[in-house]
Amino acid sequence: MPLQRSNTADKFIVDRRKRHRNSDVARAVRKTRDRLSQQAGNPDFDRELLKLHAGAMTSGAVVIPLLVLAIAAAGRLAGVGNEIGLWALFTLTCYTIVAFMARRIERTEAAELNPLQTRREFLVGHFLCGLGWAWFVLLGCGACQVDQFQVVKAVVLLFAMAGTALTASSLSGALLATFAMPVALYAYVGTKLWMPVEAIMAGLLVLSLPFFAYVARQLNRSSLMLLSFRSEKDALIAELETAKSMSDEARRRAEDANLAKSRFLASMSHELRTPLNAILGFSEVMANEVLGPMSNPTYRDYAHDVHDSGQHLLDLINEILDLSRIEAGRYQLNEEPVMLLNIVEDCCHMMELKARNKDIRVIQDFEQTLPRLFADERAVRQITLNLLSNAIKFTATGGEIRVRVGWTAGGGQYISVKDNGPGIPEDEIPVVLSAFGQGSIAIKSAEQGTGLGLPIVQGLLAMHGGEFELHSKLREGTEAIAIFPLSRVMEELPALPTAAVAARRR
């Protein structure tokens, strides 16, 4: 028979028909992992820098060519001649080659790039552009009417160097490959002419080249830093996605386990209770000798033992089922107006015989003016009985238990059960409050419990919107306090100051 899935959803069982993973995120993470694996042996991010350089050259492909066209048009107006047109055509061709190269590399995947070959191709392209600027340095203008023509060429070179330093900063060496020869040639021509202005401009160009190279290097380092940060971010995303996948798988397994547990408890509760009822009924008949006396008293003692063991097993099953329903959010509260004083007083009377057998004195300290509480009477009784049972179980013979019922500082109501037993070590309190948790004193005690009483108390109080507090000190005793909130009190009273409430309790 195939496994049937539940269509309901509680805090553990979720609707599996919904898609919990974003396909776009998954694809991005896969590409990130591929890129990280490709860059494992390449700490300088050569491929990424080449892609950045290609993008910069593509986006800024019209900047330098526009400058070249403007220079050619101005030269023609100044009467330079046809030579400046040939220079413009050659220079534009070189920059077009670099632009097409950048476009091709930009469309290529980073993993398919050969960094050394691509870098070499880019540097060759920039060197060709540098030949165009070297030709510009050699241009003459004997017939033009422009004074200080060499100064104009120096200014143009400065503009071109500044633009190249900004656009080609991702490729180290591009600026020097482009303008090392034009600057050297301009310096040679300036010293050959030995004119003061030309010499000053030549010195300015010689000093500007390392300055712009330094600026380009700083921009290159900034790009490297950004790539490093992006790589770390992508690695973190990949790690988070891996952890999320593991968490989803663990949650799926937990949901399956919880679903199997719920089905097991639902099916086995009937299967276990039916024979237990027969065991309890027949053992009680035999122990009480309803159908006639037993000739052997040992058999009668055995019947009592069977009845006690069956009752203990039935109580354990009931506690497990109650805790399971509370955790699954399936415990139904039958809320009605109840008197907290009456319920606690009845529970004290019920446990009085058990306390008397151990010579334990139960002291009742109740406030007599408490209004009604809107709560589930069965749950309140179970809370009180569990606290009283624990106190009687772990209090030594001749001890004392004080049960108090009264107002809280916030206007709610509380039940306090305090004993003078051995107490609980402070580091064991979280263990005691967990399901099936038992402290070291409970384990050594002859009357071991199931460890479900206090978790059930916590769950029932949480369903009522209340709180549970456990205070204990070794060799001084333990106090368990069940607090019901103000919203549960049907006749509200103003909150009392904390100091006044503490003095009243004392």
Side-chain angles (χ1 to χ4, degrees), residues 308 311-312 314-315 318-319 322 333-408 412-424 432-433 442 445 447 449-450 452-461 463-464 466-472 476-485 488-490 501 504-506:
D308 294 340
Q311 187 63 46
H312 175 73
L314 182 61
D315 294 339
N318 290 333
E319 288 181 348
D322 288 341
L333 292 179
N334 184 20
E335 299 170 319
E336 57 183 351
V338 297
M339 293 297 297
L340 188 60
L341 287 173
N342 297 338
I343 295 176
V344 176
E345 189 174 4
D346 291 343
C347 293
C348 290
H349 289 318
M350 292 174 59
M351 303 298 294
E352 186 175 358
L353 180 60
K354 187 176 181 179
R356 193 180 302 165
N357 291 335
K358 293 185 64 175
D359 194 20
I360 296 175
R361 188 161 60 104
V362 179
I363 302 174
Q364 300 180 11
D365 184 8
F366 301 158
E367 294 190 17
Q368 301 300 324
T369 59
L370 292 179
R372 292 176 300 173
L373 198 70
F374 192 70
D376 186 346
E377 182 176 355
R378 177 178 174 273
V380 176
R381 286 185 182 275
Q382 189 170 2
I383 290 171
T384 308
L385 289 175
N386 284 357
L387 298 182
L388 285 172
S389 177
N390 282 345
I392 293 173
K393 185 187 302 182
F394 297 107
T395 301
T397 303
E400 179 181 286
I401 297 175
R402 181 176 295 273
V403 182
R404 295 185 298 173
V405 179
W407 291 102
T408 64
Q413 297 181 12
Y414 73 93
I415 306 171
S416 172
V417 179
K418 184 176 182 180
D419 61 67
N420 57 356
I424 306 172
V432 172
L433 295 177
S445 175
E447 294 184 283
T450 60
L452 296 176
L454 295 182
I456 290 176
V457 170
Q458 280 186 303
L460 293 176
L461 284 171
M463 295 182 68
H464 284 83
E467 298 178 358
F468 179 70
E469 297 180 0
L470 186 65
H471 307 285
S472 182
E476 292 186 12
T478 303
E479 182 180 11
I481 305 174
I483 302 173
F484 293 92
R488 289 282 172 178
V489 180
M490 299 189 67
V501 173
R504 188 172 182 180
R505 289 182 181 179
R506 288 195 296 269

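Just so it is clear, the model here is predicted, and its values are computed rather than measured.
- At a threshold of 4.5 Å between non-hydrogen side-chain atoms, the residues Gln364 and Glu345 count as touching.
- Put simply, the side chain of Val362 does not reach to within 4.5 Å of the side chain of Glu352, judged on heavy atoms.
- Of all the heavy atoms in Arg381 and Ile343, the pair that sits closest is CG-CG2, 3.5 Å.
- Applying side chain to side chain donor-acceptor pair (under 3.5 Å) to Glu479 and the options Arg402, His471, Lys418, Arg404 leaves one that passes, Arg404.
- Ile415 places a side-chain heavy atom less than 4.5 Å from the side chain of Phe484.
- Closest non-hydrogen pair, Ala379 versus Leu333, comes out as CB-CD2, 4.5 Å.
- For the atom pair Thr395 OG1 and Lys358 NZ, the distance stands at 6.5 Å (nearest 0.5 Å).
- Contact annotation: the side chain of Trp407 approaches that of Val489 to within less than 4.5 Å [non-hydrogen atoms, C-beta and beyond].
- Of all heavy-atom pairs between Ala396 and Ile360, the closest is O-CG1, 3.8 Å.
- Within a 6.0 Å sphere centred on CD of Glu400, other residues, nucleotides and ligands contribute more than 12 heavy atoms.
- In this structure, the separation between CG on Leu373 and CG on Asn342 is 12.0 Å, given to the nearest 0.5 Å.
- Summarising the geometry of Leu340 relative to Gln413, their closest heavy-atom pair is CD2-OE1, 3.5 Å, with the distance given to 0.1 Å.
- Inter-residue side-chain proximity for Leu470 and Thr478 is flagged as met; some heavy-atom pair is nearer than 4.5 Å.
- Side-chain atoms of Glu377 do not come within 3.5 Å of backbone N or O of Asn334 as any donor-acceptor pair.
- Formation of a donor-acceptor pair under 3.5 Å by the His464 side chain with backbone atoms of Pro485 is not found in this model.
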### Message
Could you go through Ile483 and Leu461, starting from their C-alpha distance and side-chain angles, then the distance that decides it, and tell me whether this counts as side-chain contact (heavy atoms from CB on, under 4.5 Å)?
### Response
CA-CA 8 Å; Ile483 302 173; Leu461 284 171; over 6 Å; no

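- With values rounded to the nearest 0.5 angstrom, Gln382 atom CD is found 5.5 Å from Leu460 atom CG.
- Here the side chains of Arg488 and Glu335 are in contact, with some heavy-atom distance below 4.5 Å.
- Under the side chain to side chain contact (heavy atoms under 4.5 Å, CB included) criterion, Arg372 pairs with Pro337, Met339, Met490, sequence neighbours left out.
- Annotation: side chain of Phe394 is not in contact with side chain of Ile424 (no heavy-atom distance under 4.5 Å).
- Val403 pairs with exactly one of Asp365, Leu388, Asp419 by the side-chain contact (heavy atoms from CB on, under 4.5 Å) rule, that one being Leu388.
- Remark: the backbone N or O of Gly477 is not paired with any side-chain donor or acceptor of Asn420 at under 3.5 angstrom.
- The nearest pair of heavy atoms linking Ser416 to Ile481 is OG-CG1, 4.1 Å.
- The side-chain heavy atoms of Leu387 and Leu454, taken from C-beta on, include a pair separated by under 4.5 Å.
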